[in-house]
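All values below come from the heavy atoms of this structure, side chains included, with hydrogens, waters and symmetry mates left out. Bear in mind the structure is a predicted one, so any value in this text is a computation, not a measurement.
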Protein chains: 2
Amino acid sequence: MVTKRQEKERELRKEHILEGALTVFEEKGLEGATMDEIARVSDFGKATLYYYFPSKEDVFCEILDRGWATLWKSLEEVIDSDKSPRESFINILITIARKAQKNRNEYEFLFNAPQAITHIDDKDQVWKSYQQKLYSTLKELLEDGIAQGQFPKLDSDLMFKAIGGLFVGIIFMGEKNKDITGSDIEKLLNQLITDPKQP
Amino acid sequence: MVTKRQEKERELRKEHILEGALTVFEEKGLEGATMDEIARVSDFGKATLYYYFPSKEDVFCEILDRGWATLWKSLEEVIDSDKSPRESFINILITIARKAQKNRNEYEFLFNAPQAITHIDDKDQVWKSYQQKLYSTLKELLEDGIAQGQFPKLDSDLMFKAIGGLFVGIIFMGEKNKDITGSDIEKLLNQLITDPKQP
DNA sequence: TTATATTTCGACTTAACGGTCGAAATATAA
DNA sequence: TTATATTTCGACCGTTAAGTCGAAATATAA
């Protein structure tokens, strides 16, 4: 029998381990991080980690899953608001940017880690579906926006790739950009994604 | 005593090993690649690899060093030509893009691998100085260009980061962009890096 | 041909790491 | 208090992979 409180505490302990794991993953990368160190950092015995998570990889994936789920939840509001494609598109990017700047470490991990594990398996990986959803939403907004003449006339694929790179660049290029503000991003996006209606 | 021909053959063997190593690194990543497999792929005994390279990491770094050196050599021509900052800037990006599309594998490695080893040491790492040179050159061209009104008025730091991300995005986002041509890139850059003189 | 230098290599050593085990500690329930 | 369930853990195991060793093969020189 498991009480509500026990459940809660268990969840808390899991989160605590996940936090420790995140710092280690950031510092050492996926391969470089060891369960021994994660245990040390989160002040548990190694065996205890395996009481909460079945494997190192699961620890890794759970960080991604939870992070993407949280991010997606805040994006849903933006998406559901009935703005124009262009506005929604830009708002999504700005929302992500703001969150990422609050939690730079976590978001650097969320956006970079996935490519670090292309060599590994495919599994269920919930986070992948969120990532997919985000991408297809942006793509759709972009296409609708182009159709309505809200973006410069460019092949949407090309544009999308460019924006993707641009975005990653804005947020994660180097460690020296601690001083980018939300309004900077807004300005930059507005400048680069020229709105043909406002020459 | 070592003849010219022996020297040459030794160099050839090194290159051969490096080629094999590159394919393995691409396929398996830095950590995933094993010296046993590199040996297998390049048809040498493992011990032989250590006759040519002191460590796995040195194999890795030598690929980076040589790649960046070669890249830099072709960029020097572009840089030395007496074009305007804006033209030079765009030409550099286009040159890299063209080379990268000819040797996608190698260049994906050149541009991605560095971040994969941030967790590792700092060493001498020749390639880092090339990377640095490239970045500071681009930065300088951008600043000169902005001073001369050849780019939209934006903080150069911000702009530089955006361009960096944009560029990486154009060339390396996903594996599905096999169909981007040089002229696409040119068009895209010209569109995004709006030239205020040609409204 | 013989002596010497260069190149090759499979077997071995060593260390690290993911994961398990069984028992101890601690909390909960009766 | 006693019985039961949950949580914790250090020691251990098996595997994997980097790097070494000493000798064999091969090329070069005398």
Side-chain angles (χ1 to χ4, degrees), chain A residues 1-63 113 116-117 119-121 123, chain B residues 1-63 113 116-117 119-121 123:
Chain A
M1 207 276 179
V2 186
T3 72
K4 236 5 189 295
R5 206 207 70 237
Q6 280 173 308
E7 198 81 37
K8 192 99 183 179
E9 281 181 351
R10 189 142 72 194
E11 171 61 22
L12 245 39
R13 271 171 254 139
K14 281 188 83 166
E15 277 170 21
H16 180 73
I17 292 172
L18 254 18
E19 273 169 42
L22 179 60
T23 73
V24 178
F25 280 134
E26 274 159 10
E27 206 171 317
K28 305 290 176 68
L30 172 55
E31 314 279 346
T34 70
M35 289 301 263
D36 283 287
E37 182 160 7
I38 294 174
R40 202 176 46 69
V41 168
S42 38
D43 262 319
F44 279 108
K46 181 161 71 159
T48 307
L49 301 194
Y50 285 92
Y51 177 73
Y52 289 98
F53 301 93
S55 74
K56 175 180 164 181
E57 209 183 285
D58 280 81
V59 174
F60 183 86
C61 286
E62 193 126 353
I63 295 177
I117 57 169
H119 308 296
I120 323 238
D121 55 2
K123 279 206 167 184
Chain B
M1 207 277 180
V2 185
T3 71
K4 245 337 184 322
R5 204 206 71 240
Q6 279 172 309
E7 197 82 36
K8 191 97 184 180
E9 281 181 351
R10 189 140 72 193
E11 171 60 22
L12 244 39
R13 270 171 255 139
K14 282 188 83 167
E15 278 170 20
H16 179 73
I17 292 173
L18 254 19
E19 274 169 40
L22 179 61
T23 72
V24 178
F25 280 133
E26 274 159 10
E27 206 170 319
K28 305 290 177 73
L30 173 55
E31 315 280 346
T34 70
M35 289 300 263
D36 282 287
E37 182 159 8
I38 294 175
R40 203 175 47 69
V41 168
S42 39
D43 261 318
F44 279 108
K46 179 161 72 159
T48 307
L49 301 194
Y50 284 92
Y51 178 73
Y52 289 97
F53 301 93
S55 77
K56 176 180 163 180
E57 210 184 283
D58 279 81
V59 174
F60 183 85
C61 285
E62 193 125 351
I63 296 177
I117 58 169
H119 310 295
I120 325 239
D121 55 1
K123 280 209 167 181

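Summarising the geometry, the separation between NZ on Lys56(B) and P on dT16(D) is reported as 15 Å, rounded to the nearest angstrom. In this structure, CZ of Phe53(A) is placed 18 Å from C1' of dT20(C), rounded to the nearest angstrom. In this structure, the NZ atom of Lys28(B) is 13 Å from the C1' atom of dA17(D), given to the nearest Å. In this entry the distance linking CG of Leu49(A) with C1' of dT20(C) reads 13 Å, nearest Å. Glu7(A) has its CD atom 12 Å from the C1' atom of dT6(D), to the nearest Å. A straight line from CD of Glu9(A) to C1' of dA27(C) spans 10 Å, rounded to a whole angstrom. Taking atom CD on Glu31(B) and atom P on dG18(C), their separation rounds to 11 Å, with Å as the unit.
Both Arg5(B) and Pro54(B) lie close to DNA chain D; mapped to their nearest nucleotides by heavy-atom distance, the more 5′-ward contact belongs to Pro54(B).
Shown here are the salt bridge (charged side-chain N to carboxylate O under 4.0 Å, His left out) partners of Glu11(A), two or more places apart in sequence or in another chain: Arg66(A). Evaluation of the salt bridge (charged side-chain N to carboxylate O under 4.0 Å, His left out) rule for Arg10(A) yields no partner, not counting sequence neighbours. The side-chain contact (heavy atoms from CB on, under 4.5 Å) search around Tyr50(A) returns Met35(A), Lys46(A), not counting sequence neighbours. The side-chain contact (heavy atoms from CB on, under 4.5 Å) test applied to Glu19(B) returns no partner, not counting sequence neighbours. Every residue two or more places apart in sequence or in another chain that forms a side-chain contact (heavy atoms from CB on, under 4.5 Å) with Val41(A) is listed here: Thr23(A), Val24(A), Glu37(A). Scanning for salt bridge (charged side-chain N to carboxylate O under 4.0 Å, His left out) contacts around Lys56(B) gives an empty result, with sequence neighbours left out.
Annotation: the span from Glu15(A) atom CD to Leu22(A) atom CG amounts to 12.5 Å, rounded to 0.5 Å. Taken to the nearest 0.5 Å, the CD atom of Glu7(A) stands 12.0 Å off from the CG atom of Leu12(A).
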Checklist outcome for this item: A correct 5'-to-3' footprint of nucleotides 7-15 of chain C, with B, S and - meaning base, sugar-phosphate only and no protein heavy atom under 4.0 Å, is BBBB-----
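If you check residues 32-40 of chain B against DNA chain D, the residues with a heavy atom closer than 4.0 Å are Ala33(B), Thr34(B), Met35(B), listed by number.
Residues Tyr52(A) and Val59(A) form no side-chain contact, since every pair of their non-hydrogen atoms from C-beta on lies 4.5 Å or further apart. Within the 4.5 Å cutoff, the side chain of Phe44(B) has no heavy atoms near those of the Ile38(B) side chain.
Checked options Ser55(B), Pro54(B), Ser42(B); the residue passing with Leu49(B) is Ser42(B) (criterion: side-chain contact (heavy atoms from CB on, under 4.5 Å)).
Where DNA chain C pairs in unbroken runs of 3 or more (Watson-Crick or G-U, both distances under 3.5 Å), the stems are C:1-30 with D:1-30.
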